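Since the model is a prediction, treat every value here as computed from it, not as a measurement.
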Amino acid sequence: MSANVDTMAYAGRRPWWVGIESGIANELPDDANGADIIGPAGLDWETVAAPVFVNDREVPGFQAMTRSDTGDTLGIVGMTYQPFGNAEMLDFGDALVDDGGAHWNTAGGLKGMRTVWGLMELPEHIRVAGDPSVIKAYLLLTNQHDGRGSFGAFVTPQRVVCANTLRAARLKASAHVNIRHSGNLAAKVAEARRTLRLTFQYLDTWQALMGSLTHQPLTDKAVVAFTEELIPVRPDAERTARSDAARDQIAALFRSSPTLEGVAPTAYRLFNAVAEYADHFAPNMTTKVASAADNRAASNIDGRGQMLKDRALDLLVPASAMRALVASAD
C-alpha cells in the first residue's frame, strides 16, 4: 500500500489521479451520503487519545492520536488538542449542503491516514464565455490527525476536461475556513457552517475572474515569455533540460491541447494549459514509498502542482484586479 494515498472511494467517473496503480479505489453510487462513503473510503474508525511513554515513563503534557481499529499512532500532540473525527467531517459536509442537490464525489486518506479528505459535488455549474466545457463546483473538506494542520473547508471549482482546481481561498478568505483542534470545537464548527453558507457566492467571483482572463489575447511569443517567468532560471544555475521541457510542454498545450479545443488563445487558455501540465504531464516518479500516480495525487492536492497553478494565476492577474474582483463580491 502506498505511503501517500492509502484508500479512497469515489462516485461517478473514476478519478485519474489517485489509486490507479495501487488498486485501492472503491466505486459508490452517485447519490452516496456520508454514511455510505465512510466505510469504502477507509474512514470508519475514530481518533483516540493515548498516553505517551518513553523508557516506560509517561511523558507529561503530551498525548498520542491513535486509530481505534488498528491502534496505529498518527501523531503526538499537546494536551489541548481535540480530535475531529472522520464521521464528524463527513457529517459536516452532509449538514452544510442539506438543502439538496449535492452528493459525495470522493473521500479517502493520505500519508498513512494522517490526512483525510472528502469532496462533495455541488449543484451549481459555471460557464466561462468562449469555453465549451462545463465547470463544476465542489466543497472540499480536509482534516489532519497528526497535529500538523487544521480541519479545513474550501469551496472550489473544477474544469472537468482537465481537472483544473483552484482553491477558493486564493480569491476570498471567507470561502476557506480552518478550524484548529483546540478550544470549543463544536462552536467553531457551527461558525464554519454559517460562514461557508454565506460564501457560495464566491463561485460568481471565480467566474468573473476566469471571464476577465478571456479578454487578454496572447501571442505565441507572449506565451514563451510567460513560461520563462513561471519557471525561471536561477541566477546561480544554468538552464536545465527538465525546466526547458516543462516550458515547452506548457507552450505546446497552449497551442494544441485537445482539451482546449474551441477556447480562444487568451490568458484563460494559458492558465488551463498550465493546469493541464501540472495535473497530467509534470514528472512524478515512483519512489520506494509511493507510486508515480500517488505522488501525482499528493502534488495536485497540496504540493508542487497546486503551487504552480497558484503562481500562474498570480502572474496572469494583477493584484489590483484581484482586489477589485473580491471587493465587487462583498
Mind listing the closest non-hydrogen atom pair of [X] and [Y] along with its distance?
{"X": "Pro83", "Y": "Met65", "value": "CB-SD, 4.1 Å"}
{"X": "Ala107", "Y": "Leu43", "value": "CB-CD1, 4.3 Å"}
{"X": "Gln144", "Y": "Gly149", "value": "OE1-CA, 3.6 Å"}
{"X": "Ala9", "Y": "Ala41", "value": "CB-N, 3.7 Å"}
{"X": "Glu88", "Y": "Gly85", "value": "OE1-N, 2.6 Å"}
{"X": "Asn26", "Y": "Pro40", "value": "ND2-O, 2.8 Å"}

When you measure from the side chain of [X] to the backbone of [Y], do you find a donor-acceptor pair of N or O atoms at a distance under 3.5 Å?
{"X": "Gln63", "Y": "Gly78", "value": "yes"}
{"X": "Asn272", "Y": "Arg269", "value": "no"}
{"X": "Asp94", "Y": "Gly34", "value": "yes"}
{"X": "Arg114", "Y": "Gly109", "value": "no"}
{"X": "Arg255", "Y": "Asp220", "value": "no"}
{"X": "Asn33", "Y": "Ala35", "value": "yes"}

Spatial distance of atom [atom1] ([X]) from atom [atom2] ([Y]) [nearest 0.5 Å]:
{"X": "Tyr138", "Y": "Asn105", "atom1": "OH", "atom2": "CG", "result": "5.0 Å"}
{"X": "Asp69", "Y": "Met113", "atom1": "CG", "atom2": "CE", "result": "8.5 Å"}
{"X": "His103", "Y": "Ile37", "atom1": "NE2", "atom2": "CD1", "result": "10.0 Å"}
{"X": "Thr214", "Y": "Phe271", "atom1": "OG1", "atom2": "CZ", "result": "13.5 Å"}
{"X": "Asp131", "Y": "Leu213", "atom1": "CG", "atom2": "CG", "result": "11.5 Å"}
{"X": "Glu121", "Y": "Thr106", "atom1": "CD", "atom2": "OG1", "result": "10.5 Å"}

Are side-chain heavy atoms of [X] and [Y] found at a separation under 4.5 Å?
{"X": "Leu260", "Y": "Phe254", "answer": "no"}
{"X": "Thr142", "Y": "Ser150", "answer": "no"}
{"X": "Glu229", "Y": "Arg311", "answer": "yes"}
{"X": "Leu90", "Y": "Trp104", "answer": "yes"}
{"X": "Pro29", "Y": "Asp36", "answer": "no"}
{"X": "Leu270", "Y": "Ile250", "answer": "yes"}

| query | Do the side chains of Phe281 and Phe226 join up, straight or via other hydrophobic residues, at under 4.5 Å, putting them in one cluster? | reply | yes

| said: Membership question, hydrophobic clusters at under 4.5 Å side-chain separation (ILVMFWY): are Val48 and Leu74 in the same one? | reply: no

| Sequence neighbours excluded - ring pair (Phe, Tyr, Trp, His ring centres under 6.0 Å) pairs with any residue from residues 25-55 | Trp45-His145

| request: Among Ile, Leu, Val, Met, Phe, Trp and Tyr joined by side-chain contacts under 4.5 Å, find the other residues sharing a cluster with Val54 and list them by chain and number. | output: Val52, Val59, Phe62, Ile76

| message | Between Val274 and Leu316, is the side chain to side chain contact (heavy atoms under 4.5 Å, CB included) condition met? List the steps. | response | CA-CA 11 Å; Val274 172; Leu316 290 169; over 6 Å; no

| query | Centroid-to-centroid, Phe92 to Phe84, below 6.0 Å? | reply | no

| message | Working note: Tyr10 + Leu119, criterion side chain to side chain contact (heavy atoms under 4.5 Å, CB included); need CA distance, chi angles, decisive distance, verdict. | response | CA-CA 9 Å; Tyr10 68 95; Leu119 184 72; over 6 Å; no

